[in-house]
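Below is one structure; the comments refer to it alone.
Residue numbers start at 1 and run along the sequence shown.
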Amino acid sequence: MRGYLRIVREVAHIPHPVMRIAIHSYNGQYRLQFEVDQYAQSFKFSESDHRLDEIQTWGQAMAEEVLMRFVDMRTQHHNILSSKSR
């Protein structure tokens, strides 16, 4: 398909001591992505409705709650693997 190729660009990075927090621009959306180890969570925001600085502010505000969800995910993952090996 001609003209269909879209490029994902990282447009911002939010410093955090544990997680990688990045904002990507893709297909008319900002994607706020949090990553730690093998876990990732992302949120999508329309570029036409939100500014980049808003997404950065929200990313900073959300970081600790997202990190706590990753801790819960890791615990759940560990528990499943532990029960499987019994």
Less than 3.5 Å apart, which donor and acceptor atoms pair up between the side chains of residues 58-68 and the rest of the protein, not counting sequence neighbours?
residue, atom, partner, partner atom, Å
Glu64, OE2, His16, NE2, 2.9

For the atom pair [atom1] ([X]) and [atom2] ([Y]), what is the distance rounded to the nearest 0.5 Å?
| X | Y | atom1 | atom2 | value |
| --- | --- | --- | --- | --- |
| Phe45 | Ile55 | CZ | CD1 | 4.5 Å |
| Glu54 | Asp49 | CD | CG | 9.5 Å |
| Thr57 | Ile14 | OG1 | CD1 | 8.0 Å |
| Asn27 | Lys44 | CG | NZ | 9.0 Å |
| Ile21 | Gln33 | CD1 | CD | 11.0 Å |
| Ser42 | His24 | OG | NE2 | 10.0 Å |

I'd like to check [X] versus [Y] (side-chain heavy atoms, cut-off strictly below 4.5 Å). Are they in contact?
| X | Y | answer |
| --- | --- | --- |
| Ile23 | Gln56 | yes |
| Gln41 | Tyr39 | no |
| Arg31 | Tyr26 | yes |
| Phe34 | Phe43 | yes |

Report task. For the residue pair Gln29 and Ser46, confirm or rule out a side-chain donor-acceptor distance under 3.5 Å. Result -> no
Query - Common cluster, Val71/Met73, ILVMFWY with side-chain heavy-atom separation under 4.5 Å - result: no
Report task. Check whether Leu52 and Leu32 end up in the same hydrophobic cluster, where Ile, Leu, Val, Met, Phe, Trp and Tyr are linked by side-chain heavy atoms less than 4.5 Å apart. Result -> yes
Report task. Provide the closest heavy-atom pair for His13 versus Arg20 in the form atom of the first, atom of the second, distance. Result ->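 Closest approach of His13 to Arg20: CD2-NH1, 3.4 Å.
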